[in-house]
Number of protein chains: 2
Amino acid sequence: MPRLVGQIDQVKSEAILDAASDVLGERGLGASIEAIARRAAVSKQTIYNHFGCKTALIEALVARRVSHITAPLRVSGAAEHPIETLTALAQTLIEIVSNERAYSLIRVTVQGAGAMPELAKAVFEAGPATTRALIADYLAAETQAGRMAVDDPMEAAEFFAGMCSGHRQFRALMGMEVNADPEQIAHLAHTVAKRFFRAYAP
Amino acid sequence: MPRLVGQIDQVKSEAILDAASDVLGERGLGASIEAIARRAAVSKQTIYNHFGCKTALIEALVARRVSHITAPLRVSGAAEHPIETLTALAQTLIEIVSNERAYSLIRVTVQGAGAMPELAKAVFEAGPATTRALIADYLAAETQAGRMAVDDPMEAAEFFAGMCSGHRQFRALMGMEVNADPEQIAHLAHTVAKRFFRAYAP
DNA sequence: GTTCAAATGGACTGATGCGTCCAAAAATCA
DNA sequence: TGATTTTTGGACGCATCAGTCCATTTGAAC
């Protein structure tokens, strides 16, 4: 009877993580393991067999999710006019911030920041920090090519990300509704790109 | 023996709120009433005499704090060049986001968003929403005066606020250290103002 | 059909924390 | 000094929850 095994039912592991994501998103970090077990249609003991303890479960959850969330950013666009690439970037960022499911994860991390600071740091590194670095790389390249004039790419990348998240981040964190109408998101993304390009045009 | 009174020792009420602010900031919403009582050098029962229940205590805490935090924004600057006013605005916003004490309150609100959504909404209205409206008013006025060209003041105000908060907001929420060096904040504020003005110059 | 790992569910421990109760002490006021 | 109100501190009830234990059942491989 091993307490913690790797070669158990993969499907069940996924089901548990899905349920944990849902329940934690609804009830916050205070959600009980039993509630998660009920949602996953699994016994409490099974969760402990798979993950060992609550903290490990949450770490697994976060690890699985973070990479999914930032994945779309990694597909670097072709080299058209910067505004088009910036619009695509902005659109992805805004969609992330408007995505309730992604944000429930962030909320959990914020709540757990006191109890597990390493986790909070890992999320920050994998999420916002990586995102900023990707954007900064792009801005530096465009500057190199003479299509933009960005003196401090990291700083500019942060401005860009900040324009995208704006109050949506706050509202999402507060559990308030966030406008996720695709048309409005597209329009907003285009505006961000236009204004940002104007601020950093050669 | 009234269970909840208003005319008790005001000084003690303040001491309790101060202690609650500290302890909740450190331990998050999970902080116990007993810990707060210890910090305030007061008995647990006294806290219940003053505030009735934990939720009421937190509501009182938030109400007292929010207005203090956004107060500096209300002093509208004289009518110099927009960049100067924008720099001052940015500086205030960045200082708020870099202020650990202010942010511990926000963190508590985020944690409690599930359990007390009205509180979260109140904080949002009193904080970010009011801030955005103030900035938007200023931008509209400058546009009217022909010194800027802001087509959508509310949207632009959100961009401006987003540029100021950037990742600092995230880091602060995650309980990570935030660079609060006055010189760097001043420089950042000036950069934000310069770039924002360039994005919205006539 | 035998075997063995994995899953179940229910009971249990230990800890924590909200909110209450109360009798004694301290402070306030008349 | 005497009367009233607040404060104190400690004990208590009650609920919740993490994590463990275990006897029983399921299910897949051989």
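Chain identifiers are assigned alphabetically (A, B, ...) following the order of the sequence lines, protein sequences preceding nucleic acid strands; residue numbering begins at 1 within each chain.
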Asker: List DNA chain D stems (3 or more consecutive Watson-Crick/G-U pairs, under 3.5 Å)?
Answerer: C:1-30 with D:1-30
Asker: Heavy atoms, side chains only, cut-off 4.5 Å: are B/L105 and B/V123 in contact?
Answerer: no
Asker: In this structure, how many angstroms lie between the P atom of D/dT5 and the NZ atom of B/K12, rounded?
Answerer: 18 Å
Asker: Tell me which of A/A31 and A/Q45 sits closer to the 5' end of DNA chain D, going by the nucleotide each one is nearest to.
Answerer: A/A31
Asker: CD of B/E177: more than 12 outside heavy atoms within 6.0 angstrom?
Answerer: no
Asker: Taking 4.0 angstrom as the limit, do B/R168 and A/E158 come out as a salt bridge?
Answerer: no
Asker: Between the base of D/dG9 and the side chain of B/K44, is there a donor-acceptor distance below 3.5 Å?
Answerer: no
Asker: Could you tell me how far apart A/I33 (CD1) and C/dT13 (P) are, to the nearest whole angstrom?
Answerer: 21 Å
Asker: Strictly below 4.0 Å: does A/S32 bring a side-chain N or O up to OP1 or OP2 of D/dT16?
Answerer: no
Asker: At less than 3.5 Å, do the side-chain atoms of B/K54 and the base atoms of C/dG19 form a donor-acceptor pair?
Answerer: no
Asker: Distance check needed: D/dA18 C1' versus A/F51 CZ, whole Å only.
Answerer: 17 Å
Asker: Before you tell me yes or no, could you show the steps for A/S165 and A/F170 under side chain to side chain contact (heavy atoms under 4.5 Å, CB included), namely the whole-Å CA-CA distance, both residues' side-chain angles and the distance that decides it to 0.1 Å?
Answerer: CA-CA 8 Å; A/S165 57; A/F170 221 99; over 6 Å; no
Asker: Return the nearest nucleotide to the side chain of B/Y48; candidates are C/dA7, C/dC18, D/dG19.
Answerer: C/dC18
Asker: Tell me, with the steps shown, if B/M174 and A/K121 meet side chain to side chain contact (heavy atoms under 4.5 Å, CB included).
Answerer: CA-CA 7 Å; B/M174 294 294 198; A/K121 195 168 180 188; over 6 Å; no
Asker: Can you check the B/I16 CD1 to D/dT6 P distance for me, whole Å?
Answerer: 14 Å
Asker: Is the NZ or CZ atom of B/R171 positioned over A/F124's six-membered ring, under 6.0 angstrom from the centre and within 45° of the axis?
Answerer: yes
Asker: Roughly how many Å is it from CD1 in B/I36 to P in D/dG9, rounded to a whole number?
Answerer: 17 Å
Asker: Is there a side-chain contact between B/H50 and the phosphate of D/dT7, meaning an N or O under 4.0 Å from OP1 or OP2?
Answerer: yes
Asker: Over how many whole Å does the gap from A/L24 atom CG to D/dA18 atom P extend?
Answerer: 10 Å
Asker: Taking for each residue the nucleotide of DNA chain C bearing the nearest heavy atom, is the 5' side occupied by B/C53 or by A/S43?
Answerer: A/S43
Asker: Can you check whether any acceptor in the base of C/dC18 is under 3.5 Å from a donor in the side chain of B/E34, or vice versa?
Answerer: no
Asker: What's the CG-P distance between A/N49 and D/dC22, to the nearest Å?
Answerer: 14 Å
Asker: Is atom CZ of B/R27 surrounded by more than 12 heavy atoms (other residues, nucleotides or ligands) closer than 6.0 Å?
Answerer: no
Asker: Return the value, rounded to whole Å, for the distance between atom CD1 of B/I47 and atom P of D/dT7.
Answerer: 11 Å
